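Reading through the structure tokens given below for one structure.
What you are looking at is a predicted structure, and each value in this text was computed from that prediction instead of being measured.
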Amino acid sequence: MNDTTHYYNQHAVQFIADTLHVDMEPLYQCFLRHLPAGAWVLDAGCGAGRDALAFQRRGYRVSAFDASAALAEHASRLLGRPVPVQRFDEVNEIDRYDGIWACASLLHVPTAELPSNFQALWQALKPGGVLYCSFKRGAGERDRNGRHFTDANEDQVRVWTQELPGLAGLECWLTEDRRPDREEQWLNCLLHKATRQLITGGDDNPFLPHLCSSIHRADAIDMAVAFIKQTGLRLLLPDLQAALDREAAGRHPARIRILTSDYLDITDPQALRALMLLQEQGAQVRVYQSRGGSFHLKAYLFVGSQDNDAHWGCAFIGSSNISRQALQ
């Protein structure tokens, strides 16, 4: 047990009182906007469990851990299930989480160990996922009242993360401390992991999470498929409906266009009824009448914009229509 872990075990009651009710909503929104509905989130260094509970209440699947046994015990009671006592370098999952939240936790890791700790978390993050972390703004290492701190600026974070495979982007911004009577500035970072270029399907690389993640991020969504089964459409409906109703999150509704057909009479009536409901919510839906001819489109196109007005786009072109078997 290092000195920092010992500090949190000894001062858990005071730490919980100081942090449990701090309003983190603005940071939640910056992180969660990159995740699909029902995403699996890891709260790495969860402290008292405040943020893990917030994500759980929003319907996300949540895992958490902390190096302090006293804080992990409190988080366990808060979440209603065991929270393991674990360090960052003991994380050994691969491609498991859609998002990793490391709020004010990696800042206790010594500088020399941060690259390997980032690597451990990074390999647990799914392709297309996002990792959030925060440090007190500054430079260098220090010990204060029994705790070790590593302060950071954007250049230093880039050095620690430059060897992460598939790092597609790093966003950094500054915020003020949200606790009363605190004047520190915090460096917030979002690390984006690139999606795989080839999506092969199957249990180890299904299409569905890639599709849901793109729907969640995009401002314009186009789907053109030969047929749509209700078994597949109901897997996409929560994300499609959320994309059409983003006012609560402060975003404009997505423009959604869906084209399917009556090819081979595979599209089922239940799917058509669900598509009609989407159309009532603002989507544009069309059905191509094949009249005995062929119709083999299987294309999913997405366009979005970043905060700096830069645009991104991605497309999935392959063999998957909208059915449970194809998506899973």
Original post:
Going by heavy atoms in the side chains, are Ile322 and Met223 under 4.5 Å from each other?
Top reply: yes
**OP:** Indicate, with yes or no, if the rings of Tyr60 and Trp40 have centres closer together than 6.0 Å.
**Re:** no
Original post:
Does Asp268 pair with Lys229 as a salt bridge, N-O distance under 4.0 Å?
Top reply: yes
Original post:
Hey, quick one: are Leu237 and Phe302 part of the same hydrophobic cluster, counting side-chain heavy atoms closer than 4.5 Å, chains of contacts allowed?
Top reply: yes
Original post:
Is the number of heavy atoms from other residues, nucleotides or ligands under 6.0 Å of Arg58 CZ greater than 12?
Top reply: yes
Subject >> Leu190 CG to Cys172 SG distance, which is reported to the nearest 0.5 Å >> reply: 8.5 Å
Original post:
Side chains of Gln123 and Arg96: donor-acceptor distance under 3.5 Å anywhere?
Top reply: no
Original post:
So do Asp219 and His252 actually touch side chain to side chain, heavy atoms under 4.5 Å?
Top reply: no
Subject >> Value rounded to 0.5 Å, distance of CZ in Arg57 from CG in Leu79 >> reply: 9.5 Å
**OP:** Assert yes or no for the condition that the ring centre distance of Tyr288 to Tyr263 is strictly below 6.0 Å.
**Re:** no
**OP:** Could you state whether Ile215 and Leu259 fall into the same hydrophobic cluster, counting links through intermediate Ile, Leu, Val, Met, Phe, Trp or Tyr residues with side-chain heavy atoms under 4.5 angstrom apart?
**Re:** no
Original post:
Heavy-atom distance under 4.5 Å between the side chains of Met24 and Cys103, does that happen here?
Top reply: yes
**OP:** I would like to know whether Leu191 and Cys133 meet side-chain contact (heavy atoms from CB on, under 4.5 Å); could you show each step before the answer?
**Re:** CA-CA 8 Å; Leu191 289 80; Cys133 60; 4.1 Å; yes
Original post:
Are Val83 and Val85 in one and the same hydrophobic cluster, where Ile, Leu, Val, Met, Phe, Trp and Tyr link if side-chain heavy atoms are under 4.5 Å apart?
Top reply: no
Original post:
So, Trp160 versus Phe135, ring centres under 6.0 angstrom or not?
Top reply: yes
Original post:
So does His296 have more than 12 non-hydrogen atoms from other groups sitting under 6.0 Å from NE2?
Top reply: yes
Subject >> Donor-acceptor under 3.5 Å (Glu90 side chain, Arg87 main chain) >> reply: yes
Subject >> ring pair (Phe, Tyr, Trp, His ring centres under 6.0 Å) evaluation trace for Tyr28 with Phe55 >> reply: CA-CA 8 Å; Tyr28 294 158; Phe55 300 147; 5.2 Å; yes
Original post:
What are the two closest heavy atoms between Ser105 and Ala44, and how far apart are they?
Top reply: OG-O, 2.9 Å
Subject >> Lys136/Glu141 salt bridge by N-O under 4.0 Å criterion >> reply: no
Original post:
How long is the span from the OG atom in Ser63 to the CD atom in Gln86, to the nearest 0.5 Å?
Top reply: 10.0 Å
**OP:** Could you please spell out the steps behind the salt bridge (charged side-chain N to carboxylate O under 4.0 Å, His left out) verdict for Arg61 and Asp98?
**Re:** CA-CA 10 Å; Arg61 183 181 180 186; Asp98 300 289; over 6 Å; no
Subject >> Shortest non-hydrogen contact from Ala226 toward Asn321 >> reply: N-OD1, 2.9 Å
**OP:** Find out whether the Lys NZ or Arg CZ of Lys126 is both under 6.0 angstrom from the six-membered ring centre of Tyr97 and within 45° of the ring's axis.
**Re:** no
**OP:** Can you see which heavy atom on Asp262 is nearest to which on Val287, and at what distance?
**Re:** N-CG1, 4.2 Å
**OP:** Would you indicate whether Arg81, at its atom CZ, is surrounded by more than 12 heavy atoms from other residues, nucleotides or ligands within a distance under 6.0 Å?
**Re:** yes
Subject >> Non-hydrogen side-chain atoms of Gln29 and Arg33 separated by less than 4.5 Å >> reply: no
Original post:
Is it the case that Glu176 and Gln185 place a side-chain donor and acceptor less than 3.5 Å from each other?
Top reply: yes
Original post:
Is the backbone N or O of Ser290 less than 3.5 Å from a side-chain atom of Ser261, with the two atoms forming a donor-acceptor pair by type?
Top reply: no
Original post:
Does Trp173 reach the side chain of Leu27, with side-chain heavy atoms less than 4.5 Å apart?
Top reply: yes
**OP:** Verify whether one side chain among Glu171 and His192 offers a donor that lies under 3.5 Å from an acceptor in the other.
**Re:** yes
**OP:** Measure across Trp122 and Pro165 and return the closest heavy-atom pair with its distance rounded to 0.1 Å.
**Re:** NE1-O, 2.6 Å
Original post:
Under a 4.5 Å cut-off applied to non-hydrogen side-chain atoms, are Arg50 and Thr19 in contact?
Top reply: yes
**OP:** To the nearest 0.5 Å, tell me how far Asp177 CG sits from Arg137 CZ.
**Re:** 14.0 Å
Original post:
Between CD1 of Ile16 and NE2 of His11, what distance do you get to the nearest 0.5 Å?
Top reply: 13.0 Å
Subject >> Pair His34-His216, side-chain contact (heavy atoms from CB on, under 4.5 Å): steps then yes or no >> reply: CA-CA 7 Å; His34 298 284; His216 185 76; 5.5 Å; no
**OP:** Give a yes or no on whether the backbone of Ala12 and the side-chain of His74 come within a donor-acceptor separation of less than 3.5 Å.
**Re:** no
Subject >> His148 versus Asp143, side-chain donor and acceptor atoms under 3.5 Å >> reply: yes
Original post:
Are Leu301 and Ile256 co-members of a hydrophobic cluster defined by side-chain heavy atoms under 4.5 Å apart?
Top reply: no
Original post:
Can you tell me if Ser134 and Asn188 form a side-chain donor-acceptor pair at under 3.5 Å?
Top reply: no
Original post:
When you check the side-chain N and O atoms of Gln14 and Asp18, is any donor under 3.5 Å from an acceptor?
Top reply: yes
Original post:
Which pair of non-hydrogen atoms, one from Ala72 and one from Pro84, has the smallest distance, and what is that distance?
Top reply: CB-O, 4.1 Å
Subject >> Check: Arg147 and Asp3 side chains under 4.5 Å, non-hydrogen atoms >> reply: no
Subject >> side-chain contact (heavy atoms from CB on, under 4.5 Å) between Leu170 and Arg158, intermediate numbers included >> reply: CA-CA 8 Å; Leu170 171 62; Arg158 291 188 183 280; 3.4 Å; yes
Original post:
Do Phe227 and Leu264 come close enough that some side-chain heavy atom pair is under 4.5 Å?
Top reply: no
Original post:
Between Asp151 and Arg142, is there a side-chain N and carboxylate O pair less than 4.0 Å apart?
Top reply: yes
Original post:
Taking a hydrophobic cluster as the set of Ile, Leu, Val, Met, Phe, Trp and Tyr residues connected by side-chain heavy atoms closer than 4.5 Å, whether directly or through intermediates, do Leu297 and Ile258 fall within one such cluster?
Top reply: no
Subject >> Shortest non-hydrogen separation from Asp43 to Ala52 and the atoms involved >> reply: OD2-N, 3.2 Å
**OP:** Just do the side-chain contact (heavy atoms from CB on, under 4.5 Å) check on Asp51 and Cys46 with the steps written out, would you?
**Re:** CA-CA 7 Å; Asp51 302 335; Cys46 66; over 6 Å; no
Original post:
Can the ring centres of Phe15 and Tyr8 be said to be less than 6.0 Å apart?
Top reply: yes
Original post:
Is the number of heavy atoms from other residues, nucleotides or ligands under 6.0 Å of Gln284 CD greater than 12?
Top reply: yes
Original post:
When you check the gap from the basic side-chain N to the acidic O, do Asp95 and Lys193 get nearer than 4.0 Å?
Top reply: yes
Subject >> Salt-bridge criterion met for Arg255 and Asp222 (N-O under 4.0 Å) >> reply: yes
